[in-house]
Q: 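If you scroll down you'll find the structure; I have some questions about it.
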Amino acid sequence: MAVVGSFKTGDAERDSNKSSNLARAGYCAEYFSLLLIVIVLWSALDRSGRLNPVIMPSLSKIWQTFLDLLTKGSLLKNAWISIARVLKGFLVASALGIVLGILIGLSRHLMRITKLFIQIIKPIPPIAWIPLVILWFGIGESGKVYLIFLGGFFTILVNVIDGIRQADKKLEEVSLVNETPVLKHIFMVIIPGAAPNIFTGLRTGLTGCWMTVVAAELVSSTTGLGYLIMNARQYGKTDVVIVGMLTIGLVGKIMDSVLKAVEKNVVRWSYA
């Protein structure tokens, strides 16, 4: 009977492994399906001669341009400069957004005082700030970082406020009944309860900062992926423009994945 039982257990484990492998394969197929469809259609249109190579170059041309820029080092150099700018703006936006978001979320008075101001300023796109940024900061690095900061700050702030306001009221009541010290109540009850919203704000804010880098590098810049794209556009180098755009998308995806991995480790209960 014990031998039979062990065979049954082994069969069940193999069946479970097969089903999990099939599930992973199905997920991967769905995950990459749209990208593969776009690549196939792009290649088919190029072979049929329906694509204007000036407006939409072939995939082989884009790949060759990518390798050339990578070999020369200009792609990595400009990508690193853009990443450094984005991280500076994002870190400032995160620090201010989280601190102010917690304060506003905890205080009804601060909420009333700041609500109208946030509602008016938040919808203004970062690119609309460029004339003022030039007047305030000149054409140096600080102006670019400020524009990137604007790209993520309000998104982070609003998500943190919502997370604080939507925290579990029962846990808060239990903490208050037990006369938990204020700081301990905030750091042990309020912030952990708001953590999923905070990380949503951080990930969305990081995307906003990364999307703003092109606008930020319009301000008299001679470096960065935004500059690479704009300079290539002036000379009609569509392949370089597309390589720059795809690099921005790829780096943005990597940065979001890293932040999501951090979120899974910090907010484990949300993924249980």
Side-chain angles (χ1 to χ4, degrees), residues 13-83 86-87 90 151-152 155 196 199-215 217 224-233 235-265 267 270-271:
E13 288 179 355
R14 281 193 292 271
D15 291 340
S16 176
N17 290 333
K18 286 180 181 178
S19 61
S20 62
N21 289 334
L22 287 173
R24 289 194 196 97
Y27 174 82
C28 288
E30 290 180 347
Y31 189 73
F32 290 103
S33 59
L34 184 57
L35 180 60
L36 291 174
I37 289 171
V38 171
I39 291 173
V40 170
L41 288 175
W42 194 338
S43 299
L45 289 171
D46 178 53
R47 289 175 183 174
S48 67
R50 296 182 181 180
L51 289 182
N52 184 336
V54 176
I55 299 174
M56 186 60 71
S58 65
L59 287 174
S60 59
K61 174 65 174 174
I62 292 170
W63 176 248
Q64 187 59 50
T65 301
F66 170 76
L67 292 178
D68 291 343
L69 292 173
L70 203 60
T71 304
K72 293 176 182 176
S74 59
L75 185 63
L76 289 177
K77 176 184 175 183
N78 286 298
W80 173 246
I81 290 170
S82 292
I83 290 170
V86 168
L87 289 178
F90 174 69
T155 301
F199 271 101
T200 298
L202 290 174
R203 289 178 60 195
T204 311
L206 178 58
T207 301
C209 289
W210 190 238
M211 290 172 64
T212 310
V213 72
V214 176
E217 289 171 349
L225 290 173
Y227 164 75
L228 182 72
I229 291 172
M230 293 304 163
N231 186 58
R233 180 191 63 81
Y235 291 98
K237 297 179 179 179
T238 314
D239 52 334
V240 178
V241 171
I242 294 175
V243 168
M245 291 170 61
L246 291 176
T247 303
I248 288 175
L250 182 61
V251 174
K253 165 62 180 171
I254 293 171
M255 293 171 75
D256 180 71
S257 297
V258 170
L259 194 52
K260 188 174 182 179
V262 173
E263 178 185 1
K264 284 184 177 180
N265 286 320
V267 195
S270 293
Y271 293 87

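When a residue number appears, it is its place in the shown sequence, counting from 1.
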Q: Hey, mind stepping through L206 and V86 against side chain to side chain contact (heavy atoms under 4.5 Å, CB included) and telling me if it holds?
A: CA-CA 8 Å; L206 178 58; V86 168; 4.2 Å; yes

Q: Roughly how far, to the nearest 0.5 Å, is CZ of F66 from CG of L246?
A: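 Atom-to-atom, L246:CG and F66:CZ are 9.5 Å apart.
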
Q: Checking R203 against K260 for the side chain to side chain contact (heavy atoms under 4.5 Å, CB included) test, could you report, in this order, the C-alpha distance in whole Å, the side-chain angles of both residues, the deciding distance, and whether it holds?
A: CA-CA 7 Å; R203 289 178 60 195; K260 188 174 182 179; 3.8 Å; yes

Q: Surrounding CE of M211 (heavy atoms of other residues, nucleotides or ligands, distance under 6.0 Å), is the total greater than 12?
A: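 At most 12 heavy atoms, drawn from other residues, nucleotides or ligands, come within 6.0 Å of this atom.
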
Q: Nearest 0.5 Å, what's the CG-CG distance between D256 and L202?
A: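 CG of L202 is found 11.0 Å from CG of D256.
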
Q: Nearest 0.5 Å please: distance from the CD1 atom of I229 over to the CD1 atom of I242.
A: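 One gets 10.5 Å once the value is rounded to the nearest 0.5 Å.
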
Q: Between OG1 of T212 and CD of E217, what distance do you get to the nearest 0.5 Å?
A: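 Rounded to the nearest 0.5 Å, the OG1-CD separation comes to 11.0 Å.
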
Q: Only distances under 3.5 Å count here; give the side-chain donor-acceptor pairs of residues 73-80 to other protein atoms, sequence neighbours excluded, each with its distance to 0.1 Å.
A:
| residue | atom | partner | partner atom | Å |
| --- | --- | --- | --- | --- |
| N78 | OD1 | G224 | N | 2.8 |
| N78 | ND2 | S74 | O | 2.7 |

Q: Evaluate side chain to side chain contact (heavy atoms under 4.5 Å, CB included) for W210 paired with S82, printing each intermediate quantity in order.
A: CA-CA 8 Å; W210 190 238; S82 292; 4.1 Å; yes

Q: Which pair of non-hydrogen atoms, one from E30 and one from S33, has the smallest distance, and what is that distance?
A: O-OG, 2.8 Å

Q: Just so I know, are the side chains of L225 and V214 near enough to count as touching, which here means a heavy-atom distance under 4.5 Å?
A: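 Heavy-atom side-chain distance check fails, nothing below 4.5 Å.
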
Q: With rounding to the nearest 0.5 Å, note down the distance linking CD1 in I248 to CG in L228.
A: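 Reported to 0.5 Å precision, the distance equals 8.5 Å.
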
Q: Between I39 and S43, is there a side-chain heavy-atom distance shorter than 4.5 Å?
A: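 Contact flag for S43/I39 side chains = yes.
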
Q: How many angstroms lie between atom OG1 of T207 and atom CZ of F90, to the nearest 0.5 angstrom?
A: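 Between atom OG1 of T207 and atom CZ of F90 there are 9.0 Å.
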
Q: Taking the side chain as everything from C-beta on, heavy atoms only, tell me whether M56 gets closer than 4.5 Å to T238.
A: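 With C-beta onward as the side chain, the pair stays apart.
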
Q: With a 4.5 Å limit on heavy-atom distance, are the side chains of M255 and L87 in contact?
A: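 Yes, close enough: below the 4.5 Å cut-off.
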
Q: Yes or no on side chain to side chain contact (heavy atoms under 4.5 Å, CB included) for L69 and V240, after CA distance, side-chain angles and deciding distance?
A: CA-CA 9 Å; L69 292 173; V240 178; 4.2 Å; yes

Q: Which heavy atom in A232 sits nearest to a heavy atom in V241, and how many Å separate them?
A: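 Result for this residue pair: CB-CG2, 3.8 Å.
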
